[in-house]
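Worksheet: one structure, shown below.
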Amino acid sequence: MITRHLIAWVAAVALAAPASAQKSLELASPDGKVKTNITVGQTLTYDLQVDGRQVIAPSALTMKTSTGVEWGVSPKLKGQKRSSLNETVPSPLTRQSEMKNECNVLLLTFAGNYQVEFRAYNEGVAYRYIYTGKKPFEVVSEGVEYRLPADNTCIVPYVRDFDENNPTRQFQNSFENTYTIDAISKLDGRRYSFLPLIVDAGSGLKLCITETHLENYPGLYLQADGQRFRGVNAPYPRDVKQGGHNNLQMQVQSVENFIAKVGGARSFPWRITMVARRDIDLAQNNLSYLLAAPNRLSDYSWVKPGKVAWDWWNDWNISGVPFKSGVNNETYKYYIDFASQKGIEYVILDEGWAVNGKADLFQVIPEIDLKGLVDYARQKNVGIILWAGYWAFDRDMERVCKHFSEMGVKGFKVDFMDRDDQIITDFYYRAAAMGAKYHLMMDFHGAFKPAGLNRTYPNVVNFEGVNGLEQLKWSPATLDQPQYDCQIPFIRQAAGPMDYTQGAMLNAAKGHYQPCNSEPMSMGTRCHQLGLYMILESPLSMLCDSPTHYMELGGPCTDFIAQVPTVWDETIVLAGEIGKYIVTARRRGTTWYVGGITNWDARDVEVPTSFLGTGSYRIEAFTDGANAHRKGDDYLFRQGNVKCDGKPVRVHMAPGGGFAAKITK
């Protein structure tokens with residue numbers, strides 16, 4: 001009998017031992033309303049609580065290394081350090097001139113030369129791994145998961161091209177797609193979603209999951225698995241082969257059995273969960289920027305954001321000229337003259353100025369005298385930006401940057417990376433640094449979402465990673481672009497600026513759109529296009545349409561968008577709901593610009609004016625015309641002096657509509 005009792009007691013102690021060995025640590029935001037409980041047990045886990053409610057269930061964070069040690073598994077806590085940040089961070093060339101960085105910090109040190117740092121903000125929670133050792137190793141895999149306490153509705157952008165017979169093909173993608181909305185249990189578990197994505201936590205609370213400081217490490221995808229998302233990363237390429245679009249890409253042929261090489265002490269990307277009790281809080285969340293590596297440029301005064309007259313979207317389709325338009329000197333001089341006349345800072349030479357298929361930026365087609373165009377533009381106070389395919393730029397990066405900088409080129413639009421494995425994420429930082437060395441701005445297309453690079457290198461002035469207006473050159477009418485336009489400010493833009501390329505002058509009311517390569521049109525109204533210049537953050541912002549259209553059809557719209565700033569001193573998102581509508585106010589100096597857009601639902605919105613203060617103002621306003629629901633380019637333009645008493649102003653937006661206003665004290 002004693003023996004049986006003794007055995008039972010020993011068994012009970014053994015079962016209880018892991019639980020008693022667990023250590024729980026709590027980290028709360030400065031206002032105490034956002035909390036994470038970190039458990040150091042058999043596995044390192046954390047959760048997320050908002051206003052006393054658990055919205056992310058305990059989720060593991062691990063990292064399997066080639067040394068045989070798996071961080072976060074049976075972790076041995078050696079020490080912990082708590083601290084707080086309360087500072088103002090300069091944020092030039094963004095949505096506001098400075099940002100408040102206030103959070104509580106918990107740094108955990110573990111045996112095995114690694115740490116995990118957690119930060120709790122009023123606006124969300126983030127964590128990252130830090131390696132403190134010196135010996136190189138490989139990261140075999142990183143265990144990232146987000147367990148949901150309920151079958152929450154999610155808004156996810158799947159990788160667009162999916163082959164069920166080759167799921168890893170998803171790692172070669174352009175990070176462009178519309179959003180799928182469904183309960184997590186109903187999402188396709190075979191398909192990867194790129195970031196950012198949204199979890200609707202109920203009761204009006206939204207979570208936005210993304211990452212930042214993605215330096216020399218593969219990007220994160222999430223895959224639905226029951227009631228959780230689990231992370232997936234592209235493996236490290238073993239063999240790559242030149243190919244793809246016009247031979248400008250390097251396509252992965254085989255991969256290693258690890259995702260990243262680590263050469264020594266380093267930090268890893270931040271995993272961010274943004275918290276928003278109102279949808280508009282997502283549209284003004286700054287965590288991606290605040291958690292990025294600080295500015296590495298001692299002088300960036302030469303970085304001049306602005307607007308760009310763009311050639312590719314409108315297919316070089318100008319008229320009323322005595323020459324055949326296309327990729328030639330005469331056409332580009334026409335674009336330069338237009339930009340100079342309207343005060344537009346740049347003209348871009350998109351794909352075609354270098355010989356196709358060669359991936360060699362020094363082979364300029366005979367129809368282009370590049371130096372002559374750069375000199376002509378300089379005389380007109382216009383800068384030239386050059387498009388470049390990824391491999392053509394990377395294969396001889398310093399020679400390319402030095403040569404074209406000395407010629408007077410102001411920057412590059414680098415395209416068709418279409419990957420985010422470690423080799424490619426390293427390329428972004430190398431390209432940014434090399435561009436900075438030669439005073440060149442960088443605009444990345446065929447690119448993943450922004451992940452802090454624009455803070456570290458302010459010469460990186462834009463990113464694509466968006467299902468932007470270019471899609472309307474070929475997409476069927478089943479595409480709901482107005483709804484998408486009302487989603488991206490809350491989701492994709494939470495990660496940073498985007499080169500959506502707005503500004504269409506051919507505007508299709510509902511039921512009137514059709515794809516057309518040479519004379520493309522937008523879905524929705526003219527005022528929807530104008531509103532996008534305030535809604536979207538684009539330090540280098542395109543005027544996508546033809547100069548002919550701007551001069552013949554644009555009227556005051558052209559003058560308005562030509563003088564809208566592209567970087568701001570202050571931004572306030574005044575109203576909005578994901579996928580329905582948004583109204584944003586941005587200030588440059590003493591002048592405010594206010595824009596709004598809606599989905600295919602007509603709506604009347606109450607636009608707050610209290611941010612202006614009382615007094616007299618000069619206003620220029622564009623609103624949808626009475627017939628904009630059937631003729632997309634119908635608008636009203638009004639200007640004059642008004643008195644502001646702080647009361648909201650009602651504005652009507654037609655289906656797919658919008659509005660735009662400039663307000664000066």
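- Other residues, nucleotides and ligands contribute more than 12 heavy atoms inside 6.0 Å of the NZ atom of K413.
- Between F444 and F463, the ring planes lie tilted relative to each other; the angle falls in the 30° to 60° range.
- Ring-plane geometry between Y221 and Y192 is classed as tilted, the angle between the planes lying from 30 to 60 degrees on a 0 to 90 degree scale.
- Between L207 atom CG and L197 atom CG the span is 10.0 Å, to the nearest 0.5 Å.
- Taking CH2 of W353 as the start and CG of L370 as the end, the distance is 6.0 Å to the nearest 0.5 Å.
- None of Q529, R526, M505 except one satisfies the side chain to side chain contact (heavy atoms under 4.5 Å, CB included) rule with D633; the exception is R526.
- Remark: E570 pairs with I572, R587, W592 by the side chain to side chain contact (heavy atoms under 4.5 Å, CB included) rule, at least two apart or across chains.
- Relative orientation of the F416 and W387 rings is perpendicular, given thresholds of 30° and 60° on the angle between their planes.
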Point to revise | Derivation and outcome, side-chain hydrogen bond (donor to acceptor under 3.5 Å, both in side chains), residues Q249 and D418 | key: CA-CA 8 Å; Q249 297 175 279; D418 286 0; 3.0 Å; yes

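- Side-chain rings of F427 and Y390 approach one another, their centers coming within less than 6.0 Å.
- In this structure, Y429 and H213 have tilted ring planes: the angle between them lies in the 30° to 60° band.
- A donor-acceptor pair is defined here as one N or O able to donate and one able to accept, closer than 3.5 Å; no such pair exists between the side chain of N246 and the backbone of L248.
- Between N517 and K473, the side chains place a donor N or O and an acceptor N or O closer than 3.5 Å (distance only, hydrogens not considered).
- Ring centroid separation for the pair F622 and F637 comes in under the 6.0 Å cut-off.
- Nearest heavy atom pair, residue N317 against residue S325, reads CA-OG, 4.4 Å.
- In this structure, the side chain to side chain contact (heavy atoms under 4.5 Å, CB included) partners of D480, at least two apart in sequence or on a different chain, are P482, Q483, W600.
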